[in-house]
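Below is one structure, written out as structure tokens; the observations come after it.
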Amino acid sequence: MTWLSDNPWLFWLGLALVLVAIETLTVDFTFLMIAGGAVAGSVAAALGAGFPIQVVVAVVVAALLLFVVRPVIRRRFMDNETAHGIGAPGLVGRTARVLEPVTEHDGRVKLAGETWTARIGRGGRRLEPGEDAVVIAIQGATAIVSASVPTSTLESSDPSVR
């Protein structure tokens, strides 16, 4: 144990490695930021700072990383635009390509890389192959879809709404 007290920087480095290992399980960038603080504590120990100073350095650096760097990294790596959730609720709102005519009773669409049985929602118009549709609900293994609104239609609408 005297070896550890003679080399406190190794304690901090070991702690950083354990935190990085935990990060691989969570992938939330929290433990990675705390590991950065432990590395800073290791550097402080290697430079001869006392243990209280090492702890302060580790805590300050970890806090800075958590509140400054982590939000930037999360925005960069967590693509919220395509993060639709898991399962059927995650498909609602996504665009599907019509493969076979979609009516009130039957049809086929390509949704999330898979072929789905589909039907149009109440009051919707028949969709033809090649058209895009928006998923408005999932009922069992059937996607309920409606015609997607083309961007050109939105642009030509009332300018006061823009």
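What you see is a predicted model; the values in this text were computed from it and never measured. Each residue takes its place number in the sequence, starting with 1.
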> Between L66 and I34, does a side-chain contact (heavy atoms from CB on, under 4.5 Å) hold up when you go through it step by step?
Replying inline: CA-CA 7 Å; L66 277 170; I34 298 171; 4.3 Å; yes
>> Grouping I, L, V, M, F, W and Y whenever their side-chain heavy atoms are under 4.5 Å apart, do V69 and I22 come out in a common cluster?
In response: yes
> Is the closest side-chain heavy-atom distance between L127 and I120 below 4.5 Å?
Replying inline: yes
> Can you check whether L32's main-chain N or O pairs, donor with acceptor, with E23's side chain at less than 3.5 Å?
Replying inline: yes
> Is a side-chain donor or acceptor of E114 paired with a backbone partner of L111 at a separation under 3.5 angstrom?
Replying inline: no
> Charged N to carboxylate O under 4.0 angstrom, R119 versus D106?
Replying inline: no
> Any idea which heavy atoms bring A96 and V135 closest together, and the distance?
Replying inline: CB-CG2, 4.4 Å
>> Which heavy atom of R74 sits nearest to which heavy atom of F29, and what is that distance?
In response: CG-CD1, 3.8 Å
>> Please find the pair of heavy atoms, one from A49 and one from I53, that lie closest to each other, and give the distance.
In response: CB-CG2, 3.8 Å
>> If we ignore hydrogens and angles and just use 3.5 Å, is the side chain of Q139 paired with the main-chain N or O of I144 as donor and acceptor?
In response: no
> For W12, does its backbone N or O pair with a side-chain atom of S42 as donor and acceptor, under 3.5 Å?
Replying inline: no
> Are V109 and V102 close enough that some pair of their side-chain heavy atoms sits under 4.5 Å apart?
Replying inline: yes
>> I'd like to know if the side chain of T30 pairs up with that of D28 as donor and acceptor (distance under 3.5 Å, no hydrogens or angles considered).
In response: yes
>> Taking M33 as the starting point, is it possible to reach V18 by hopping between hydrophobic residues whose side chains are less than 4.5 Å apart?
In response: yes
> What are the two closest non-hydrogen atoms of V20 and A35, and how far apart are they?
Replying inline: CG2-CB, 3.8 Å
> Which pair of non-hydrogen atoms, one from A40 and one from V57, has the smallest distance, and what is that distance?
Replying inline: O-CG1, 3.7 Å
> About how many Å separate OG1 of T142 and CD1 of I138, when rounded to the nearest 0.5 Å?
Replying inline: 8.5 Å
> With hydrophobic residues grouped by side-chain heavy-atom distances under 4.5 Å, do V55 and F11 end up in a single group?
Replying inline: yes
>> Any salt bridge linking R126 with E131? Criterion: basic side-chain nitrogen under 4.0 Å from a carboxylate oxygen.
In response: no
>> Starting from V68, can I reach V72 by hopping between I/L/V/M/F/W/Y residues whose side chains sit under 4.5 Å apart?
In response: no
>> Rounded to the nearest 0.5 Å, what separates atom CD in E128 from atom OG1 in T103?
In response: 10.0 Å
>> Check whether R97 reaches the backbone of D132 with its side chain - one donor and one acceptor, N or O, closer than 3.5 Å.
In response: no
> Looking at L19 and A38, what are the two nearest heavy atoms and their distance?
Replying inline: CD1-CB, 4.4 Å
>> Applying a strict under-4.5 Å side-chain criterion to I, L, V, M, F, W and Y, I'd like to know whether L15 and V59 cluster together.
In response: yes
> Under a 4.5 Å cut-off applied to non-hydrogen side-chain atoms, are T117 and R108 in contact?
Replying inline: yes
> Can you tell me how far the CZ atom of F31 sits from the CG atom of L25, to the nearest 0.5 Å?
Replying inline: 9.5 Å
>> Is there a side-chain contact between P8 and Q54 in this structure, where contact means two heavy atoms from C-beta onward sitting under 4.5 Å apart?
In response: yes
>> Are the side chains of V92 and I136 in contact, using a 4.5 Å heavy-atom criterion?
In response: no
